[in-house]
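Report on the following structure.
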Amino acid sequence: MTMTVDQIAKARRDALLRRWVRDPLQQIAAESPAALGRLAYLDVDAAGTVGGLGRRSETSVVVVTPNGNPDPHAASLWVARGYSGYRAAYAAFLASHYGVANAGPQLAAYDIDHLLNRARSPNTSTFLRIEAIPSHVNQAWGRLFEKTASSPDFWANANRERRTMSWIVAAKLGGQLPPNGPRDETGIRRLAQYFQMIGLDASEAETGLRSMLDFSYGVAR
């Protein structure tokens, strides 16, 4: 039976979270499609195969599939930072890998999120992983960090093209809303408990979240 877009989007996010729990070095940005075959699947022995998506240029959109694993949840979709058609590309990916026709209307409640903020990637040619995130979750995190995102101090390492997942990316994938800043003890503990629930150490999660929030708000000031 064909899965709904809601089921697919959640299953994909959950699959990536499980890989991140096993290995935190899950890539969400790389310098080129050529690098993705060996970077995208650090937790498996075989590298991935990089391929195109329909007639789209592979300088704009690629799909990376782990060798020997036909599970569509394991395939990842990547777009160049400067590529504007990423929402349509995600719908095309759902059609090609899940048999979902005309997925656009079903994606109305989702942001097709670049898991690394596009402003943080140095080149328009940098490839970023995209996934469907509930809009209310993605936009809540965006509001939390919008001042930081506009600060030049935040981009001290903006020349790095290879990036891995963070606590914030993982929280968005898990559908978790952000705390109301670095002094929201209840919100921080809520997130730490969520990370414990999926198999991580709560104190480590709390430390990581506090560090990111303190840094971000310090930059914003």
Contact summary for L144 and G181, nearest pair of heavy atoms: CD1-N, 3.8 Å
Main-chain N/O of Q26 paired to T164 side chain as donor or acceptor, under 3.5 Å: no
Pairwise ring-ring contact (aromatic ring centres under 6.0 Å, His included) hits with a residue in residues 161-182, at least two apart: W20-W167, W167-F195
Heavy-atom side-chain proximity of V21 to L200 below 4.5 angstrom: yes
Nearest heavy-atom neighbours spanning P179 and L191: CD-CD1, 3.5 Å
Separation of T65 OG1 from L36 CG (nearest 0.5 Å): 11.5 Å
With sequence neighbours excluded, residues passing ring pair (Phe, Tyr, Trp, His ring centres under 6.0 Å) with Y194: none
Minimum heavy-atom distance between A132 and A9, given as atom pair plus value: CB-CB, 4.1 Å
Euclidean distance, L173 CG relative to I198 CD1, rounded to 0.5 Å: 9.5 Å
Electrostatic pair R13:D113 at N-O distance under 4.0 angstrom: no
Minimum side-chain heavy-atom gap R118-L128 below 4.5 Å: yes
OG-CZ distance between S121 and R163, expressed to the nearest 0.5 angstrom: 8.5 Å
Step-by-step side chain to side chain contact (heavy atoms under 4.5 Å, CB included) determination, T49 to V63: CA-CA 8 Å; T49 297; V63 177; over 6 Å; no
Sidechain N-carboxylate O distance under 4.0 Å for E185, R210: yes
Between D201 and Q196, a side-chain donor and acceptor under 3.5 Å: no
Non-hydrogen side-chain atoms of S125 and R81 separated by less than 4.5 Å: no
Cationic N near anionic O, under 4.0 Å, R189 to E206: no
Side chain to side chain, R129 and L16, heavy atoms closer than 4.5 Å: yes
Stepwise side chain to side chain contact (heavy atoms under 4.5 Å, CB included) test for V100 and Q106: CA-CA 10 Å; V100 178; Q106 297 183 64; 3.9 Å; yes
Flag side-chain contact, heavy atom, 4.5 Å: W78 against Q27: yes
Pairwise distance OH(Y90) to CD1(I112) - rounded to 0.5 angstrom: 6.0 Å
Charged N-O contact under 4.0 Å between K10 and D14: yes
Side chain to side chain contact (heavy atoms under 4.5 Å, CB included) between L53 and V62, intermediate numbers included: CA-CA 6 Å; L53 180 66; V62 295; over 6 Å; no
Distance in Å, L116 CG paired with T126 OG1, rounded so as to fall on 0.5 Å steps: 8.5 Å
Intermediate values then yes/no, side-chain hydrogen bond (donor to acceptor under 3.5 Å, both in side chains), D6 and T4: CA-CA 5 Å; D6 288 339; T4 67; 5.0 Å; no
Test item: Y83 side-chain N/O and V61 main-chain N/O as donor-acceptor pair under 3.5 Å: no
Spacing of CD belonging to Q176 relative to CH2 belonging to W141, to within rounding of 0.5 Å: 9.0 Å
Any side-chain heavy-atom pair of V5 and L94 under 4.5 Å: yes
Aromatic ring proximity H114/F127, centre distance under 6.0 Å: no
Side-chain touch D111/V137, heavy atoms, less than 4.5 angstrom: no
Exam field: side chain T207 to backbone S203, donor-acceptor pair closer than 3.5 Å: yes
Heavy-atom side-chain contact between R12 and I8 under 4.5 Å: yes
Taking every non-hydrogen atom, the tightest pair across D214 and P182: OD1-CB, 3.3 Å
